[in-house]
Amino acid sequence: MDVQALEAYVNAGLTSFDMADIYGPAEEIYGSFYKQLLATKGHEAVKGIQGLTKWIPQPGPMTRKVVESAIDLSLQRMQVSHLDCLQFHWWDYSDKRYLDALGHLSDLQTEGKINELSLTNFDTEHVVEITNKGIQISSIQLQYSVVDRRPMVKMTEVCEALGIKLLTYGTLGGGFISEKYLGAKEPKNEDELYTSSLKMYKKAIDTWGGWDLFQELLQVLSSVAKSHNCTIANVATKYILDMPAVAGIIIGCRMGIPGAEHIQENVKSFDVHLTTEDTEMIESVLKKSSDLMQLIGDCGDEYRLK
């Protein structure tokens, strides 16, 4: 079912798939899809898709053998000759062996096993440190949304100077930034916040400004959406896509569940052209929010051992 579901995304023009070595069978599903597409439609068809995966090792010795074995496992699972994009994450900044790992990954890139070498959830300070070591990074995956705009404080300037692109997640706040929650009562209990994602993004909303201010933001987003004949999600997506250094938005999908894919709705984001007035309306609400940079710290510090 999942393999067939991927074809619907490709047919709609959504040809990049984000996964990780720790995301269950994600790499294997992509590999089965890639093999099937190659067998049925040939090399030209697979040239048009790309698989972005992550390596998220437990801190420990980062020898060439350890690093190459992890990459070889992803290659095997994804049934490809090279990784289109390898996004590296490290749990503990105090353990400097992430530099050893990135050095070996850079070597594997030179040898052709990796096309693009990227990062996921590193803060600005450590991006600068890594690139100062001569390691070329093409992109970094970060949380970025109308609620969490921390990347624009420091990271964007550094990325533009270094030619690094931003791939953003959490842009729809785990689903909070949608019509579903417009005018809705504030969710507080386990039954309403039934996934770790919902709990995480609800906490971000609370820190950002609370439910009442969030409702004010949704109302403005809804007004803008109606003027463009689109959805709140489209407006929130395009707002971030229009930001400097942003190359793409990563939106979670629920494959094979009728009505849950939102494929055509997501594609419509590309047709939205926000005006200066639209942006000013949105930012008039954002100015009332708390400074997440002060309260939480720099972007890219999520999912890290403290």
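All residue numbers refer to positions in the sequence shown, counting from 1. These numbers come from a predicted model, not from an experiment.
In summary, of the residues considered (E27, K113, K54), a side chain to side chain donor-acceptor pair (under 3.5 Å) with S74 occurs for E27 alone. Remark: of the listed residues V224, I177, N234, L286, L286 is the sole one forming a side chain to side chain contact (heavy atoms under 4.5 Å, CB included) with Y239. Checking V127, L167, T131 one by one against L119, the side chain to side chain contact (heavy atoms under 4.5 Å, CB included) holds for a single residue, V127.
A 6.0 Å sphere centred on CD of E111 holds more than 12 heavy atoms belonging to other residues, nucleotides or ligands. Other residues, nucleotides and ligands contribute more than 12 heavy atoms inside 6.0 Å of the CG atom of N189. When the shell of 6.0 Å around NZ of K203 is examined, it contains 12 or fewer heavy atoms from other residues, nucleotides or ligands. Counted within 6.0 Å of CD on E157, heavy atoms from surrounding residues, nucleotides or ligands total 12 or fewer; the atom is thus considered open. The environment of K96 atom NZ is dense: over 12 non-hydrogen atoms of other residues, nucleotides or ligands sit within 6.0 angstrom. Dense packing is recorded around CD of E160, with more than 12 heavy atoms of other residues, nucleotides or ligands lying under 6.0 Å away. By the neighbour-count criterion of 12 heavy atoms within 6.0 Å, atom CG of N132 is densely surrounded, having more than that number from other residues, nucleotides or ligands.
Here the shortest heavy-atom pairing between M19 and A26 reads CB-CB, 3.7 Å. The minimum heavy-atom distance between D21 and T53, with the atom names listed, is N-OG1, 3.9 Å. Scanning all heavy atoms of the two residues, the minimum distance from L198 to L193 falls at O-CD2, 4.0 Å. Nearest heavy atom pair, residue I164 against residue A245, reads O-CB, 4.2 Å. The two residues L172 and A236 have their closest heavy-atom pair at CD2-CB, 4.2 Å. Between T171 and T237 the shortest heavy-atom distance is CG2-CA, 4.1 Å.
L217 places a side-chain heavy atom less than 4.5 Å from the side chain of V147. Considering only heavy atoms from C-beta on, L86 stays 4.5 Å or farther from S118 through its side chain. By the 4.5 Å heavy-atom criterion applied to side chains, I137 and L162 are not counted as neighbours. Within the 4.5 Å cutoff, no side-chain heavy atoms of T168 are placed close to those of I250. In this structure the side chain of H126 never reaches within 4.5 angstrom of the side chain of D298, judged on heavy atoms. In this structure, Y144 and I249 have side chains that are not in contact, with every pair of non-hydrogen atoms separated by 4.5 Å or more. Side-chain contact between Y181 and L218 is present, with heavy atoms from C-beta onward closer than 4.5 Å. Side chains of S223 and M281 form a contact here, defined as non-hydrogen atoms less than 4.5 Å apart.
Salt bridge annotation for E28-K35: absent, with no cationic side-chain nitrogen under 4.0 angstrom from a carboxylate oxygen. The pair E125-K154 does not count as a salt bridge, with every side-chain nitrogen at least 4.0 angstrom from each carboxylate oxygen. Salt bridge status for E192 with K202: absent, with no side-chain N to carboxylate O gap under 4.0 Å. Salt bridge present: R150 and E302 bring a charged side-chain N and a carboxylate O closer than 4.0 Å. With salt bridges taken as basic N to acidic carboxylate O contacts below 4.0 Å, none links E265 and K268.
Side-chain contact check for D278 and H228: at least one donor-acceptor pair (N or O, by modelled atom type) lies under 3.5 Å. Remark: the N121 side chain and the Q143 side chain contain no N/O donor-acceptor pair separated by less than 3.5 Å. Judged by distance alone, the side chains of T110 and D107 never bring a donor and an acceptor atom under 3.5 Å apart. Under 3.5 Å, the side chains of S138 and E116 contain a donor-acceptor pair of N or O atoms. A donor and an acceptor atom, one from each side chain of W208 and S289, are located under 3.5 Å apart. Judged by distance alone, the side chains of E129 and Y98 do bring a donor and an acceptor atom under 3.5 Å apart. Side chain to side chain, Q87 and D18 meet the donor-acceptor criterion of an N or O pair below 3.5 Å.
Taking hydrophobic clusters as Ile, Leu, Val, Met, Phe, Trp and Tyr residues chained together by side-chain heavy-atom distances below 4.5 Å, Y9 shares a cluster with Y23. Linking ILVMFWY residues whenever their side-chain heavy atoms come closer than 4.5 Å, directly or via other members, leaves L73 and V80 in distinct clusters. By the rule that hydrophobic residues join a cluster once side-chain heavy atoms approach within less than 4.5 Å of another member, W55 and I22 end up as members of one cluster. Residues V272 and V267 share a hydrophobic cluster, clusters being chains of Ile/Leu/Val/Met/Phe/Trp/Tyr side chains in contact below 4.5 Å.
The backbone N or O of L292 sits nowhere less than 3.5 Å from a side-chain atom of S290 that would complete a donor-acceptor pair. Between the Q215 side chain and the L182 main chain, no donor and acceptor come within less than 3.5 Å of each other. Panel note: side chain W90, backbone R97; no donor-acceptor pair is recorded below 3.5 Å. Looking only at distances, a side-chain donor or acceptor of H104 sits under 3.5 Å from a matching main-chain atom of M62. No donor-acceptor pair closer than 3.5 Å links the side chain of N115 to the backbone N or O of L83. Side chain of N11 to backbone of E7: a donor-acceptor contact under 3.5 angstrom is found.
Two rings, from F176 and Y201, have their centers 6.0 Å or more apart.
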Derivation and outcome, side chain to side chain contact (heavy atoms under 4.5 Å, CB included), residues L166 and M155: CA-CA 9 Å; L166 297 177; M155 184 66 80; 4.1 Å; yes
Can M243 and T156 be said to form a side chain to side chain contact (heavy atoms under 4.5 Å, CB included), step by step? CA-CA 9 Å; M243 289 296 167; T156 295; over 6 Å; no
One pair to check against side chain to side chain contact (heavy atoms under 4.5 Å, CB included): D84 and L52. What are the steps and the verdict? CA-CA 6 Å; D84 294 322; L52 291 71; 5.7 Å; no
Any chance you could lay out the side chain to side chain contact (heavy atoms under 4.5 Å, CB included) test for F17 and L6, step after step, and finish with the verdict? CA-CA 9 Å; F17 299 93; L6 287 178; 3.4 Å; yes
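Ring geometry, F122 versus H89: the interplanar angle exceeds 60°, so the pair is classed perpendicular (tilted spans 30 to 60°).
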